[in-house]
Each structure stands twice: as structure tokens, then as C-alpha cells.
Amino acid sequence: MITRLLGLALLCLPATALGQTHELEPNDTPATATKVALGATAIGELTAVDSTRYNADWWTFDATAGDTLDFEADGAVAPPLLELYAPDGTTNLTAGHDYPHVGYIIKTTGTYFLKVNSDMWGDYVRPALFNYYEIGLYTSHHPKPPCAVANDGEPDDVPATARSIALGQRIDGMLCPSGDVDYYRFHATRRMRVQIRIDRDTGSKPASWGNPFVEEISPNRDTHAKKNNDWTHGSVSEFWAPEDGDYYARVTTGGGVNIPYSLTVQSPGLVPDGPGDPVTTLANNLGHALGLAAGPHGDIYVSAEREQTGHATILQVSPTGRVSTFVPDCECAVGSLAFDSAGNLFVAGILNVWKASPAGVVTQFLHSNNNEENFAAVAVAPDGTIWVNNSFPHIKQFDRQGQLLQSYDVSGANPTNPYGLQGLAFAPDGILYFADGDGLYRLVSGKPELFVRDTTDADLPHGGGPFGTFVFDVNGNLYVPHRFSGGVSVYDRTGAEIAKPFAWIPGEARALAFGRNPDGSANSCLFGVTNSSYTWVLPLFGSLVQLRPSSVPVPGCRSTVPQVTVDDAVAELLHPGRLSAQQLTALDQQGNNNGRYDIGDLRAFLIANGAKQVP
Ligand SMILES: [Ca+2]
Ligand SMILES: [Ca+2]
Ligand SMILES: [Ca+2]
Ligand SMILES: [Ca+2]
């Protein structure tokens with residue numbers, strides 16, 4: 001009796017609630033097509049046969065003369081190609097590819113076919129995360145259902161109308177209609193680990209959910225762009241808040257049709273202190289900082305942009321934070337820096353590598369081959385040869401006169417990497433390491449060899465590489481900054497991670513470099529450059545920072561920035577006498593550098609320590 005009642009209840013359901021039908025492989029021909037009812041949602045996945053072709057999915061359904069088909073596949077991140085076939089299984093009723101929609105009036109009652117396939121993604125098959133699809137088999141008798149009401153707080157399609165939520169509060173939302181965007185606003189404090197959790201409890205594979213990411217409300221900060229397209233490892237993405245403030249979680253999909261989800265913003269606590277914490281600021285307001293290198297006498301050289309013209313300035317910063325200009329202007333806004341043993345500074349621009357003499361005179365060292373290769377980084381080998389990487393991707397070796405010695409094709413390292421080559425650095429044993437996508441590689445016998453794969457941030461389609469410029473200490477430990485989280489990882493010679501995180505640099509951790517002593521020998525001072533924003537947002541807040549030197553297992557860092565507390569810095573202005581001369585000098589040099597500690601220096605110090613607004 002209960003069964004019978006249930007059966008009646010099911011029969012009485014409206015036609016729009018026919019639910020989901022999952023494909024049954026093999027379904028590669030009309031004869032093996034998966035049966036589905038009009039009004040249902042057909043769910044499947046396109047699998048690659050080889051590097052350029054897919055295994056097609058065939059579906060079959062019964063239709064009556066007069067049915068107006070209105071199929072759409074906008075639940076998929078990248079909609080597949082849909083083709084309608086007549087009951088003979090061979091006559092294509094769709095004129096070309098009505099992508100991603102099928103509109104057709106059935107003229108003869110019968111059993112029809114829908115073929116689902118995919119186009120190419122450039123020269124490759126599409127990434128697996130794009131191959132999941134949902135097709136609504138809507139008709140005139142089974143129209144697309146209206147959007148259900150959820151508690152996402154519509155209208156919430158822009159930050160200004162975002163729903164405000166508390167940490168830990170679960171929201172059940174709905175992405176509907178197609179292209180819907182839902183914004184949520186929440187508060188986070190500096191150093192907080194923020195996790196955005198998305199769940200979809202419908203039995204569908206979550207690859208189509210779309211891509212939640214967070215944005216910071218401050219106009220000084222960029223879209224933090226914590227996208228996550230890869231849900232195979234879970235539906236939680238994490239970022240580390242660089243400052244106190246209101247942030248946004250943005251939920252959307254590539255298409256989006258009636259997708260229920262739940263969202264929870266939560267925090268498992270603060271970013272833990274590592275051996276390199278605290279990170280102190282040595283110099284501020286450098287522009288958009290790109291790279292850094294330690295000069296032969298211990299000063300730090302920083303490349304920084306003021307305008308987005310491909311030009312940069314090279315600044316010289318003393319170990320106590322005094323900033324002067326070394327090269328006022330060069331067309332070198334890639335900004336990768338490397339010194340040779342004679343004190344010449346090589347600087348990568350997009351189409352050139354420049355060479356600055358110790359006096360700051362800039363000459364062209366390399367020019368791009370037919371303006372085709374874009375340089376990404378430059379390094380100087382222990383034997384004095386100059387190494388660059390480019391967009392092909394190749395790594396090239398040149399002699400000191402700029403004559404090409406060797407060119408290595410490293411495209412086999414990470415063929416699906418969307419980011420291109422990044423940093424280059426020589427380990428103490430003379431092996432060249434380079435970054436490609438989420439992998440760090442060694443060049444061994446001219447071939448790339450994976451050293452470690454670091455996926456901390458690599459599933460984030462930022463349009464840029466996830467690693468900042470990495471560096472070795474004299475023991476061969478590798479320090480890797482993560483541009484999006486600001487975390488610094490350290491790997492030993494075997495690739496084992498020995499500190500996670502080693503330290504945290506708020507903002508975009510762009511590059512690291514070890515310091516040098518006045519005699520040119522390497523020391524244990526570890527410097528970094530960071531920007532408030534991953535993307536170009538004015539005003540520019542590039543900073544030179546120093547990690548806690550005692551943590552680095554190499555002796556010799558004598559240029560420690562004296563530690564000053566905010567309380568002491570404020571009290572010193574009111575009641576002078578509690579700070580040492582060394583501390584006062586350091587505060588002045590970080591500020592206006594006019595020979596005495598004053599209110600302007602306090603202001604700079606407060607900003608360097610995270611204050612957003614200082615009167
Ligand atoms: Ca399939
Ligand atoms: Ca198939
Ligand atoms: Ca919504
Ligand atoms: Ca919305």
C-alpha cells in the first residue's frame with residue numbers, strides 16, 4: 001500500500017521534476033546510447049581518447065510529434081557540443097553545432113538521439129575538470145524550471161549587495177538563473193587562515209559547481225583570486241588574510257543552472273609562526289616590487305615599477321633600510337635580478353636582458369630572438385655564464401659576451417602548465433633549478449627532472465605563476481615563496497619539506513634573496529620583496545622585508561633590523577629615551593631618513609606594521 005501511494009505520488013510530480021539521469025558507459029554509438037526521458041537532466045563526462053579526441057556519449061529519448069526541444073548544457077563549466085540525430089541514428093538534425101543549445105520541433109513521433117562531444121582546447125584536450133556536463137532536456141512540455149528561492153539573499157550579484165555572514169555560518173544558496181553570481185561578505189583579521197567551504201549535496205559530481213573565490217574590500221588590495229577549479233581534493237579553499245578587513249566570497253559557475261550549494265566561511269585559526277617569523281619591514285613604498293638581489297658589498301637591489309609601461313627603477317637599499325636609486329629607468333619590468341662576480345647586475349626585461357655596471361650604466365646584453373621570446377628570469381652560474389628562460393619554453397646559456405652556448409627545450413617538464421616558466425636559481429652544487437607551473441625542476445644532463453611538486457597554490461587559475469622567486473642557502477636548502485598565500489616553504493636537498501610554513505610574508509610574496517657581507521660572502525640574512533596586491537592596484541605598496549635571520553642555518557647575518565614595538569615607538573615621541581641610538585636610526589631610515597626620529601617616521605613604522613589608516 002505504501003509502495004502504491006509512493007508510486008502515485010511520483011506520477012503526480014510535475015514534469016519538470018524528472019530529476020537526473022547519469023550516463024551508462026559504454027555509450028559511444030546510437031546502439032549503446034543511454035536512455036533518458038525528456039525533462040530530465042542528462043549527466044555525464046567526456047573522456048579523452050588521446051591528446052586530441054574524445055569518447056562521444058550518445059543519449060536516446062522518446063519524443064512525440066509537436067514536442068519542441070529546448071536542450072541546454074549551461075550547467076557545465078565548458079559546455080560540450082550537442083548534436084541531435086533522427087531515429088535512424090545517422091541523420092544529423094542540427095545544422096552544424098548549435099553550441100551549447102539544441103532547439104528543434106519534432107515532426108515524427110519516435111526514438112531520437114543526442115550525441116555529446118567536445119571541441120578541442122587549443123591543441124590539447126580540455127582539462128579533465130571541464131569535461132563534466134549536465135544537459136537540461138527541456139521541451140515545450142517540460143520547460144526549464146523557475147529559480148527556486150534560497151537564502152543567499154538575492155539580489156546579491158555585486159559586492160555592494162552582498163549578504164553579510166559570520167564565520168561558521170552555513171548558507172544554503174542557489175545559482176540560478178544561468179550566469180548567477182552570489183556575493184557574501186565576512187570579516188577576517190590579519191594572519192587568519194580563512195577557509196571557504198562549498199558543498200553541493202545533489203549527487204552530482206562537483207566539478208561543475210563553479211569557482212568560489214574571495215575578494216578583499218579594500219581598494220588597496222586586489223581580487224585575492226582564490227579560485228579553485230579542482231574539486232577532486234575537496235571543496236575547501238584557503239587563504240591567509242593579509243590585514244584586518246571585510247572580504248568577499250564570490251560563488252558562480254561557468255554557466256550555472258539551478259545549482260543548489262551550501263557555503264560556509266570558517267577559520268581553523270591563525271597562520272602558525274615559523275622559524276623565519278616575525279617578518280619585519282626594512283623599506284616601504286618602493287613601487288610595485290618585482291625582484292631583488294644582494295650586491296657585492298651587502299646592499300640589496302630591488303627592481304620596481306611605478307607605471308605599467310614595461311619600465312622599472314632599480315633601487316639600492318642598505319642593510320638598515322636606507323633607499324637610494326641605482327638605475328632611475330630601464331625597460332626591464334620583468335625585474336629578475338642577478339649579479340655576476342664582477343659586480344655587474346643583469347636585469348630581465350620582456351624582450352631584453354640588460355646589464356648594469358657597478359656604476360649603474362645600463363647596456364643591452366641580450367635581445368629577444370625576432371621579438372618572439374619573452375624572458376622570465378635571469379641567473380648567473382658559478383662558472384660566470386648567464387642563463388635565461390623564455391616563453392617557448394627554453395632555458396638558454398650565454399657566455400659573458402652574450403654569445404649563445406646552449407639552448408634546452410624544457411617543454412616536457414610540465415606540458416599542461418598554463419603559467420609558463422618562472423624563476424631560475426643555481427644550487428650550491430651548481431645544478432640549475434627552475435619553476436614551471438606547480439613544479440620545481442632541476443636541469444640534469446640538459447633534461448628537466450622534477451624536484452618537488454608544490455600544489456599549495458597551484459590549483460588557482462590566477463593567470464600567473466604560483467611561486468615567487470626562490471633561493472638557496474649555502475647548505476642547499478631551497479626557500480620558496482608562495483605569491484598568493486604569502487607562505488614560505490623550505491625544502492632540503494632531497495626535496496623533503498622541512499618547515500611549513502617557514503615564515504609568512506603578508507601580501508604577494510614576490511621574491512627572496514640572501515644577503516651578503518661587506519666582503520661579498522653570503523650570509524644568513526634572508527630578504528624578500530612583497531606587494532600589497534597580486535595585480536596592479538594603486539597606490540603601490542611594495543616593501544622590502546627581512547625574515548628572522550637567526551632561523552637560517554648559516555652564520556653571518558649582522559645587519560639585523562633592530563626590533564621596536566609599536567608601544568615603544570609611540571612612547572619615544574612623547575618621552576624620549578627608551579630606544580637605543582641604533583633603533584632610532586633604523587626607524588628614521590625606514591621613514592623620511594632626515595637624521596632624526598620624528599612623527600613622519602612613526603607614521604611609516606605604523607603603516608609598515610599593518611596600520612591601514614594613520615592620521
Ligand atoms: Ca562519457
Ligand atoms: Ca561514451
Ligand atoms: Ca543566487
Ligand atoms: Ca545572485
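The structure presented is a predicted model; accordingly, all values stated were derived computationally and were not measured. We count ligands from 1, going down the list as the structure has it; atoms in each ligand are counted the same way.
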Is Asp180 close enough to the Ca ion (ligand 4) to have an N, O or S atom under 3.0 Å?
->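 Yes - counting backbone and side chain alike, Asp180 has an N, O or S atom under 3.0 Å.
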
N, O or S atom of Val181 closer to the Ca ion (ligand 4) than 3.0 Å =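 Yes - counting backbone and side chain alike, Val181 has an N, O or S atom under 3.0 Å.
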
Vertex the Ca ion (ligand 1): angle to OD1 of Asp57 and O of Glu45, to 10°?
-> 120°

If you have a sec, read the angle at the Ca ion (ligand 1) from Glu23 atom OE2 over to Glu25 atom OE2, to 10 degrees.
-> 110°

Short check: any N/O/S atom of Ala56 below 3.0 Å from the Ca ion (ligand 2)?
-> yes

Measure from the Ca ion (ligand 2) to each N, O or S atom of Thr47 and report whether any distance is below 3.0 Å.
-> no

Could you check Lys107 against Leu93 for side-chain contact (heavy atoms from CB on, under 4.5 Å), going step by step and ending with a plain yes or no?
-> CA-CA 11 Å; Lys107 294 165 185 69; Leu93 300 174; over 6 Å; no

State plainly whether the residues Asp156 and Arg185 are in salt-bridge range, i.e. N to O under 4.0 Å.
-> no

Only one of Phe61, Tyr138, Tyr133, Tyr112 passes ring pair (Phe, Tyr, Trp, His ring centres under 6.0 Å) with Phe71, and that residue is Phe61

Specify which N/O/S atom of Asp28 comes nearest to the Ca ion (ligand 2), by atom name.
-> OD1

Is it true that [Y] and [X] share a donor-acceptor pair across their side chains at a distance under 3.5 Å?
X	Y	answer
Tyr183	Arg250	yes
Asn151	Asp172	no
Thr34	Glu23	no

Can you say whether the rings of Trp504 and Trp240 are parallel (under 30°), tilted (30 to 60°) or perpendicular (over 60°)?
-> perpendicular

Does a side-chain heavy-atom distance below 4.5 Å link Leu290 with Arg510?
-> yes

Any idea which N/O/S atom from [X] gets closest to the Ca ion (ligand 4)?
X	answer
Asp182	OD1
Asp156	OD1
Asp157	OD1

Would you give the angle at the Ca ion (ligand 2) between Asn27 atom OD1 and Asn55 atom OD1, to the nearest 10°?
-> 170°

